[in-house]
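Some notes on the structure that comes next.
Remember, it's a predicted structure, so these values are computed and weren't measured experimentally. Residue numbers count from 1 along this sequence.
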Amino acid sequence: MNAPADDFDLAHGVWIDCRYRDGTTRRTGLYEAVSDASSIADLTLPYPIAYGALYRIAAAIAYRVTGLDRLRPGETATDWYRRRNAHFATGFDQRAVDRYFRKHAAHLRLYHRHRPFLQDPRLAEECPRTSGIGKLVIGRPVGNARPWFSDTSSQHHAAPVPSDEAALQSLMWAYYGSGGALSTRSHQGVSAHAGCMAAVLRGTVGYHPIGPDLHTTLLAHLTPPGVDGHQDDLASWENPAQADPTRPPPSPTGPVSLLAARTRHAILLVPSTDGRFATDWYVTWGARNAPHKPGRDAGGHVEPFPDPFLSYQRSRESGAPSSAVKADGGRQLFRDLDVLLNDPATEPQRARRAPTRPQVLASCDQIPDEVADTLRLRVVGAEQDREKSNDHQWWTTTTPPLLTHTAARDPEGAQRISEAVHEADLAERHLDNALAAAFEDRSADTRARKARIALRFWPVADAIFWNLYGTGRLDDATRRMRVAALDAFDQLTADLVRNPSAGERIARARARLPLPPRKAAS
């Protein structure tokens, strides 16, 4: 690939939207985002899944500039936490930041001739044709999409994508892109266009601790290295060698490669002559012979390198982490707080059936109290088909300060939250049984009934929970959730109750719902 006359510099170019603590919003590059992290309140990105990708990239750099990417000789996890926590009182060392970006300046360029950022320049020779720029923008109608949903007649005739946007889109592809059939690639006698692995975060929901500034956020994202450190624990842009795509993807050897060297696609952008636009691109397989098929059997595969920001289903045999919990855009966050704030592994009766607690939240239990009191939780969800190119929905939501109420830090507060979640689940189960009786449902009707409950009960329960949490009245959850279930039942049976022959049946079904306890006199 010929580099353009004016390459796009990801370190110093402007492509990351940031909100500063003084209230202003502007775009920065990676260098300024890390260098000024104490002055930046948060990222303000246009796509929900861009948060999941950029937090990992920035956290990998934070590991490097703090020296927290490896344990020192003889250091324990407790010692590492003590060293990590000392960084909360200061910004990132400017000299370390400058050294890092000087060292990797060449490979932090979008159109570098030999090592463009998160790309494989070999594709220009190994792919007979490009993929079409229309496919670069995730969510843009392509393939068999109806023409009235798109102003492009084909993927190859779509408008060029500005380089700042192309940087963000290629990053999202690296972490959330689809698998399956992509462009044909021939490498060392292996030629194929099908069988591309889906990106590592596709179809997942991630959990990210958010502090009052980006510096705090990135430090809270760091978890202890599992070993003393490997020389080959490298981010993609730090590695001078290109992986052999005919072999399985290399396993992470430390926290940096876990966050920033697990791409499954091979990507190459084609720049305009002035470097202002990506005019075309290649996307194809970057690894073969996957060791397992994600999502096919949640009990068979055990994940050897769990992502610290994901929750995992457990292997039925060993109870170890297996497939990542799938994102469900219809599931309210508060329903999972029991797992997110309490480690199920400490309760034998739950350890085998409950999902795992994300490692990053366990790491936050070791953060100083004055920092933990400020931490919110950002959820980044991507409801996508793992084996297909369908993107159903992306979302992000951020809680109020919440991570001070974990079982390790605030057992009573964590218990109140767990009990409120339990009351909502219990009210839903009673509602489900009552509706089944009211409509004389068969087992085949379960899905439709659950959909009605998802529409009428869970959004109300979600609002109730956060209202009670914000006002310190979680002890009222039993009454409020039962009232919500009764209201949902009345709404869902309103048409049916008009039928005189059904009235008695509806009344008997409604009697299955527990009445709310009387409100205590003030």
Side-chain angles (χ1 to χ4, degrees), residues 55-56 59 62-63 66 68-72 75-89 205-227 255 258-259 303 305-312 314 319-321 324-325 333-351 354-380 398-422 469 474:
Y55 279 140
R56 285 170 172 81
Y63 267 119
T66 57
L68 292 166
D69 52 331
R70 61 187 62 203
L71 298 177
R72 292 172 175 171
E75 190 175 42
T76 66
T78 300
D79 297 330
W80 181 93
Y81 279 125
R82 189 177 298 113
R83 186 157 55 98
R84 189 271 308 265
N85 291 347
H87 284 276
F88 283 110
V205 55
Y207 302 94
H208 300 269
I210 304 297
D213 54 70
L214 187 58
H215 173 255
T216 302
T217 294
L218 295 181
L219 287 176
H221 272 62
L222 307 187
T223 58
V227 293
L258 178 62
L259 294 180
E303 175 61 65
F305 301 101
D307 185 292
F309 309 110
L310 303 184
S311 180
Y312 287 83
R314 296 179 187 273
V325 172
L333 167 63
F334 89 95
R335 299 174 64 183
D336 297 315
L337 290 181
D338 190 32
V339 168
L340 299 177
L341 300 180
N342 307 281
D343 186 359
T346 62
E347 302 176 38
Q349 68 274 23
R350 296 178 62 218
T356 65
R357 187 185 185 200
Q359 292 177 359
V360 70
L361 300 187
S363 180
C364 287
D365 286 344
Q366 307 301 322
I367 283 176
D369 289 344
E370 63 273 15
V371 177
D373 289 346
T374 69
L375 292 180
R376 298 165 290 150
L377 184 63
R378 171 163 292 151
V379 181
V380 177
T398 305
T399 71
L402 181 75
L403 297 185
T404 191
H405 301 302
T406 64
R409 193 182 297 276
D410 177 18
E412 292 184 3
Q415 182 63 26
R416 283 194 294 271
I417 290 173
S418 294
E419 289 173 354
V421 174
H422 174 72
Y469 175 80
L474 284 173

How far apart are the C-alpha atoms of Gln366 and Arg82, what are their side-chain angles, what is the distance that settles it, and do they pass the side chain to side chain contact (heavy atoms under 4.5 Å, CB included) test?
CA-CA 9 Å; Gln366 307 301 322; Arg82 189 177 298 113; over 6 Å; no
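- Residues meeting the side-chain contact (heavy atoms from CB on, under 4.5 Å) test with Thr216, sequence neighbours left out: Phe88, Pro212, Asp213, Val371, Leu375.
- Although no hydrogens or angles enter the test, the distance criterion places a donor-acceptor pair under 3.5 Å between the side chain of Ser363 and the main chain of Leu222.
- Looking at Arg357 and Thr406, their side chains come closer than 4.5 Å, going by heavy atoms from C-beta outward.
- In this structure, the side chains of Arg378 and Thr217 stay at 4.5 Å or more apart for every pair of heavy atoms.
- Taking 4.5 Å as the limit, some side-chain heavy atom of His208 sits within range of a side-chain heavy atom of Val380.
- In this structure, Thr374 and Pro401 have side chains that are not in contact, with every pair of non-hydrogen atoms separated by 4.5 Å or more.
- Under the rule for a side-chain contact (heavy atoms from CB on, under 4.5 Å), Ala86 has no partner lying at least two apart in sequence or in another chain.
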Side chain to side chain contact (heavy atoms under 4.5 Å, CB included) assessment of Leu219 paired with Thr66
CA-CA 9 Å; Leu219 287 176; Thr66 57; 4.2 Å; yes
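- Checking Arg70 against Tyr63 by side-chain atom types alone, no donor-acceptor pair falls below 3.5 Å.
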Checking Ser418 against Asn342 for the side-chain hydrogen bond (donor to acceptor under 3.5 Å, both in side chains) test, could you report, in this order, the C-alpha distance in whole Å, the side-chain angles of both residues, the deciding distance, and whether it holds?
CA-CA 9 Å; Ser418 294; Asn342 307 281; 3.0 Å; yes
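- Here the side chains of Pro209 and His221 are in contact, with some heavy-atom distance below 4.5 Å.
- Among the candidates Arg416, His422, Gln415, the single residue satisfying the side chain to side chain donor-acceptor pair (under 3.5 Å) test with Glu419 is Gln415.
- Aromatic ring pairs are classed by plane angle as parallel below 30°, tilted from 30° to 60° and perpendicular above 60°; the pair His405 and Tyr469 is perpendicular.
- Atom CD of Glu412 has 12 or fewer neighbouring heavy atoms from other residues, nucleotides or ligands inside a 6.0 Å radius.
- Pairing each heavy atom of Leu340 with each of Pro358, the nearest pair is CD2-CD, 3.7 Å.
- Counting heavy atoms from C-beta on, the side chains of Arg83 and Leu68 come closer than 4.5 Å.
- Judged by distance alone, the side chain of Thr399 and the main-chain N or O of Leu377 form a donor-acceptor pair under 3.5 Å.
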Take Asp307 and Arg56 through the test salt bridge (Lys or Arg N to Asp or Glu O under 4.0 Å) and record every step on the way to the result.
CA-CA 10 Å; Asp307 185 292; Arg56 285 170 172 81; 3.0 Å; yes
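- Annotation: side chain of Tyr207 is in contact with side chain of Asp336 (closest heavy-atom distance under 4.5 Å).
- Side chain of Asp373 to main chain of Thr404: no donor-acceptor pair is present (N/O by atom type, distance under 3.5 Å, no hydrogens or angles).
- Of all heavy-atom pairs between Ala220 and Val360, the closest is O-CG2, 3.3 Å.
- When atom types are taken as modelled, the side chain of Arg409 and the backbone of Asp365 share a donor-acceptor pair closer than 3.5 angstrom.
- Between Thr223 and Phe309 the shortest side-chain heavy-atom distance does not fall below 4.5 Å.
- Taking CG of Leu403 as the start and CD1 of Ile367 as the end, the distance is 8.0 Å to the nearest 0.5 Å.
- Shown here for Ile417 and Leu337, the closest heavy-atom pair between the two residues is CG2-CB, 3.9 Å.
- With rounding to the nearest 0.5 Å, the separation of CG in Leu259 from OH in Tyr55 is 14.0 Å.
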